[in-house]
Asks: 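Below you will find the structure I want to go over with you.
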2 protein chains.
Amino acid sequence: MTQPEGTDGRDSITDVGGLRVGHARVPGGGALSGTTVVLGPEGGVVAAVDVRGGGPGTRETDALDPRNVVQRIDAVVLTGGSAYGLDAAAGVMAWLEERHRGVRVGPDPSHVVPVVPAACVFDLGRGGDFSARPDAATGRAAVEAADASGDHARVETGAVGAGTGAVVGGLRGGVGTASTVLDSGITVGALVVVNAVGSAVDPAMGALYGSYFADGGPPSFPAPAVREAAARRLAEARASAAPPPLNTTLAVVATDAVLTRAQAQKVAGTAHDGIARALRPVHLMNDGDTVFALATGVRELPEAPGPLALNEILAAGADLVTRAIVRAVLAAPGGLRGPGGDFPSYRELYGSEPGP
Amino acid sequence: MTQPEGTDGRDSITDVGGLRVGHARVPGGGALSGTTVVLGPEGGVVAAVDVRGGGPGTRETDALDPRNVVQRIDAVVLTGGSAYGLDAAAGVMAWLEERHRGVRVGPDPSHVVPVVPAACVFDLGRGGDFSARPDAATGRAAVEAADASGDHARVETGAVGAGTGAVVGGLRGGVGTASTVLDSGITVGALVVVNAVGSAVDPAMGALYGSYFADGGPPSFPAPAVREAAARRLAEARASAAPPPLNTTLAVVATDAVLTRAQAQKVAGTAHDGIARALRPVHLMNDGDTVFALATGVRELPEAPGPLALNEILAAGADLVTRAIVRAVLAAPGGLRGPGGDFPSYRELYGSEPGP
């Protein structure tokens, strides 16, 4: 995929003009959790959601049903802390209210209700302290970081924000992002928090599943000795602690296209295909997999071929989610070892396979 | 995956005891279409559906919503002929009515309404005659073939039934099937009709995407010269006719487990992951991708680990759909060349790569 024009090609959701991303971490020694906020421009963005996991934790997702009243939203919250962490949205609401951003509900411009959809990943106790969770202060810190980041800012990936304590199939997970510019000139970007039950790694080959869809030729397969050592190490790590009872991959797919809310919902739905290609199995009863879709509405879809013009965005959204997951797994610098378990990083196990 | 015990290991949806499959073809020279019926045992099966494509053609799918009244169904129809072909369900209904099978609606045992969910693929004009479509007679022929096939019968695959005129990303598509027995002893099977917009083939490598998930080690990559020749041939073929305006992958995932209707719906949803892994892109606006899930209710789910016991079936359902798609593409004996277009088979282009 091509890099977005007019940017440094940072292959990030912030290549979609107007979107900013901020991370915040829960402070303290026993904490391994945090919150990530995707902040829209003044005036908000069209938004939708598709929840496909069997164990979701969400807030304000029903408001995004295209049949319901709220037309635009200002921010989306992805958070650690399981359902407790949804409180982070309160801090984002407060920050937006101070700026009179939200659904206007009274005569005074200050009379707003910001609708802040949120979804959580399970990382309770990952840092040792079961009660160390994101709260309103974490949400506020994340939205302030997003606001301060400027346009088209680089997005930090790996063990940050909602990905601070994320794990995936026994490995360290985290935050990843990717973007592309379509032939139509429309930019599409994705941001993911990878914290799945299933594996990102093809156990037979040691390659990341998502690398099979990288369009860059054959994935580089780790040598058999590396794979065997990795399998041993992973088995040891898995034996050291019970697997997390709940998991989740969260994604935000964003575009500068003009989309209806129904079209945005279709984008969110098809983006789950990108999760399926990168993680196996997925959408299980203990995955809360949730995808948000955002449209800033700057570029019209091509008139031809009519409703099929959405296809390019649908396909790109899924592909970008796959690539963002690969990049999230590769971004993990080292493993996560502590009271919450032993989760090696992909790079530790399989070496420095270059990402797509 | 292991083969089902107590069968010949025919790796087929009919390894789920009580299910029978029948195909019928629309007669006549200009016809390349047909119908496939999955027939349940007397008393019916629990059923659910998840429609994820943007251009679906379905009948009686709302009745399968777990909130609605119909508890069990007797048969599912997969059919060519686009929305016209949904008439095939009428023939299956008549056949069932004659046997007093269906939802009892009156004092007499003959007072039944058989609920026959159906979904279609687009193949109009594939054989030259736009009006040669499955009708009630085709449906009746397919259900009669299913009924006559006996228990655990081999399922014909490739260009049969609803897959008679199927194409996938410029190649010939068709019907495929697969099954497995889980550690719990529960059997899971899948049957697919592959007729997608997207590609089943990784264009960079010539391997089938689905083969990356085959658990059998590295896929065999066709030699560069083979890949180049295939790309040329495929480009020629695609240039010879407009691509089909609508497409669809249909699947039935079945198990002998005891599932609630809501659990069956979850199985149908996660099975779409298997389509995503084997076809790219998919779930586009002109794909009508639809998955039915059937449960014959013979084997209880393991009590532990509670609601997570469904995970094994969810994961297997997705994997089996992937494998059934691979087998459908490999089953196509030769290409499809005619008034409806030029669609080479995978084997023609890439040789006899063994399937998973």
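Computed from heavy atoms alone, side chains included, the values below leave out hydrogens, waters and symmetry copies. Per chain, numbering begins at 1; letters A, B, ... match sequence-line order.
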Asks: Atom CZ in B:R52, atom NE2 in A:H272: separation rounded to 0.5 Å?
Replies: 6.5 Å
Asks: Ignoring hydrogens, what is the shortest heavy-atom contact between B:L284 and A:A315? Give both atom names and the distance.
Replies: CD2-N, 4.2 Å
Asks: Quick one: what part of A:L279 sits under 4.5 Å from any heavy atom of chain B, side chain, backbone, both or neither?
Replies: backbone
Asks: Might you confirm whether atom CG of A:D65 has over 12 heavy atoms from other residues, nucleotides or ligands at distances under 6.0 Å?
Replies: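 Yes, because the 6.0 Å sphere around CG of A:D65 holds more than 12 heavy atoms from other groups.
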Asks: Sort out for me which residue in B:F221, B:Y209, B:Y212 forms a ring-ring contact (aromatic ring centres under 6.0 Å, His included) with A:Y212.
Replies: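 Answer after filtering B:F221, B:Y209, B:Y212: B:Y212.
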Asks: Quick check for you: among B:V197, B:D289, B:D202, B:D50, which has the greatest number of heavy-atom pairs under 4.5 Å with chain A?
Replies: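 Looking at each of B:V197, B:D289, B:D202, B:D50 in turn, B:D50 comes out on top.
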Asks: At a 4.5 Å cut-off on heavy atoms, which part of B:L246 comes close to chain A: side chain, backbone, both, or neither?
Replies: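 It is neither, since no heavy atom gets under 4.5 Å.
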Asks: Hey, is CG on B:D62 packed in by over 12 heavy atoms from elsewhere, all under 6.0 Å?
Replies: no
Asks: In Å, rounded to the nearest 0.5 Å, how long is the span from CD1 of B:I275 to CG of A:D273?
Replies: 8.5 Å
Asks: How about residues 256-271 of chain B versus chain A: which residues have heavy atoms under 4.5 Å apart?
Replies: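 Within residues 256-271 of chain B, the residues that come under 4.5 Å of chain A (heavy atoms only) are B:K266, B:G269, B:T270.
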Asks: Could you tell me if the side chain of B:R280 sits less than 4.5 Å from the side chain of A:D319, heavy atoms only?
Replies: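 Side chain of A:D319 against side chain of B:R280, heavy atoms only: contact under 4.5 Å found.
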Asks: Taking side chain as C-beta onward, heavy atoms only, is A:L314 less than 4.5 Å from B:M285?
Replies: yes
